[in-house]
Amino acid sequence: MNVVAYQQVESQPGGLVVAIDGPSGSGKSSTARGVADRLGLAYLDTGAMYRALTVAYLRAGLSPDQTGAIEALADQAELTVTDDPREPAIALDGEDVSAEIREPRVSQHVSILATNAHVREVLTDQMRALIEAADHRIVVEGRDITTVVWPHAEVRVLLVADPAARIRRREAELAGAATTDEVHDQVVRRDRDDATVSEFATPADGVQLVDSTHLSLAQVIDTICALVPTPTPTPQE
Ligand code: DC
């Protein structure tokens, strides 16, 4: 993977990074895309990057104990992200895998990649490079954006929802493509695995908690857009 050296962690004048973390099924993706569209910002789904590497892992026929080969995959795979919130896409070595990354087998295996420290380091560098390439005007969703990837984001949100609501949403999203057990596995088991590498159950200092259990998508988008700081007017001469 081509990684641009990461130099800048502080906020940039004119920059607006909206960082949204949360567990699966909290409504993160629809919310993040809606916020980006409303505010005219780019959009980055960092989970899609872990998923695309998982596609590479499955295609290579690797097993979880082949740590060296998994880490080499992260170093070598070329991910290309399209950061348009209306048509987000991701390519692996030049091939669009935007549909394949949503397949249940990818959801089942993604934690193998997401719990590898080297993979996280490589992808984190790549995410930071993408934020810089978007001139720091981007909505970024994931599990560790507010804490690790971009802790100086102008807006930092932890989006949560009751587990029952999250399972219901995932079921609706998958529209019969997965059994109830598979959906339960995707939501509950994956949260447990993910929680071993990122803390996203409670908000870090300065991170706003937004509970979407009883809110519509439009209400969640309104809530997050209201957190955007208003620029201080420059004094007139
Ligand atoms: O949001 P998602 O379900 O598409 O995420 C896929 C996996 O990637 C999930 O198991 C958590 C992991 N992930 C992560 O560890 N850190 C991120 N910033 C984004 C996703």
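If you read the sequence from its start, that first residue is 1, and numbering goes on from there. Just follow the structure's listing: the first ligand is 1, and inside any ligand the first atom is 1.
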S.K.: In ligand 1, which numbered atoms sit nearer than 4.0 Å to a non-hydrogen atom of Lys28?
M.R.: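 Answer for ligand 1: 1 (O).
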
S.K.: Could you tell me the residue and atom name of the protein heavy atom closest to atom 4 (O) of ligand 1, and the distance to it rounded to 0.1 Å?
M.R.: Arg51 NE, 2.7 Å

S.K.: Quick one, Arg102 and Arg51 - any side-chain contact, counting heavy atoms below 4.5 Å?
M.R.: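 With C-beta onward as the side chain, the pair touches.
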
S.K.: Starting from atom 19 (C) of ligand 1, locate the nearest protein heavy atom and write down its residue, its atom name and how far away it is, to 0.1 Å.
M.R.: Thr46 OG1, 3.3 Å

S.K.: Checking Glu132 side chain against Ala129 main chain: does a donor-acceptor pair fall under 3.5 Å?
M.R.: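 No, Glu132 side chain to Ala129 backbone: no donor-acceptor pair under 3.5 Å.
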
S.K.: Quick check on contacts: which atoms of ligand 1 are under 4.0 angstrom from a heavy atom of Ala114?
M.R.: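 So the answer, numbered in order with elements, is 12 (C), 15 (O).
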
S.K.: Got a donor-acceptor contact below 3.5 angstrom from the Thr213 side chain to the Asp162 backbone?
M.R.: yes

S.K.: Arg120 to ligand 1: N or O pair under 3.5 Å?
M.R.: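 Arg120 vs ligand 1: N/O contact under 3.5 Å present.
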
S.K.: Decide yes or no for Ile101 and Val55: does some side-chain heavy atom of the first lie under 4.5 Å from some side-chain heavy atom of the second?
M.R.: yes

S.K.: Got a second to check how far Thr202's OG1 is from Leu158's CG, nearest 0.5 Å?
M.R.: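 Rounded to the nearest 0.5 Å, the OG1-CG separation comes to 7.5 Å.
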
S.K.: Report yes if Asp45 has an N/O atom closer than 3.5 Å to an N/O atom of ligand 1; otherwise report no.
M.R.: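 In this structure, Asp45 places no N or O atom under 3.5 Å from an N or O of ligand 1.
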
S.K.: Could Asp222 and Arg38 be called an ion pair, given the rule that one side-chain N must be under 4.0 Å from one carboxylate O?
M.R.: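 A salt bridge is present here (some side-chain N lies under 4.0 Å from a carboxylate O).
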
S.K.: For ligand 1, which atoms have a heavy atom of Asp144 less than 4.0 angstrom away?
M.R.: 16 (N), 17 (C), 18 (N)

S.K.: Which residue and atom name correspond to the protein heavy atom nearest atom 10 (O) of ligand 1, and how close is it?
M.R.: Asp194 OD1, 2.9 Å

S.K.: My understanding is that we take every heavy atom of each candidate and find the minimum distance to atom 20 (C) of ligand 1. Doing that for Ser29, Gly47, Ser107, which one comes out nearest?
M.R.: Gly47

S.K.: I'd like to check the side chain to side chain donor-acceptor pair (under 3.5 Å) partners of Arg105; sequence neighbours left out, ordered by chain and number.
M.R.: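 Testing Arg105 for side chain to side chain donor-acceptor pair (under 3.5 Å), a comparison that skips the adjacent residues, returns Glu100, Glu103.
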
S.K.: Would a distance-only check, ignoring hydrogens and angles, find a side-chain to backbone donor-acceptor pair under 3.5 Å from Arg120 to Ala114?
M.R.: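 Judged by distance alone, yes, a pair lies under 3.5 Å.
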
S.K.: Could you check atom 17 (C) of ligand 1 against the protein and tell me its nearest heavy-atom contact, residue, atom and distance included?
M.R.: Arg143 N, 3.4 Å

S.K.: What protein heavy atom lies closest to atom 6 (C) of ligand 1? Include the residue and the distance to one decimal.
M.R.: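 Here the nearest protein heavy atom works out to Arg190 NH1, 3.5 Å.
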
S.K.: Please confirm whether Tyr50 comes within less than 3.5 Å of ligand 1 when only nitrogen or oxygen atoms on both sides are compared.
M.R.: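 No; every N/O pair is 3.5 Å or more apart.
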
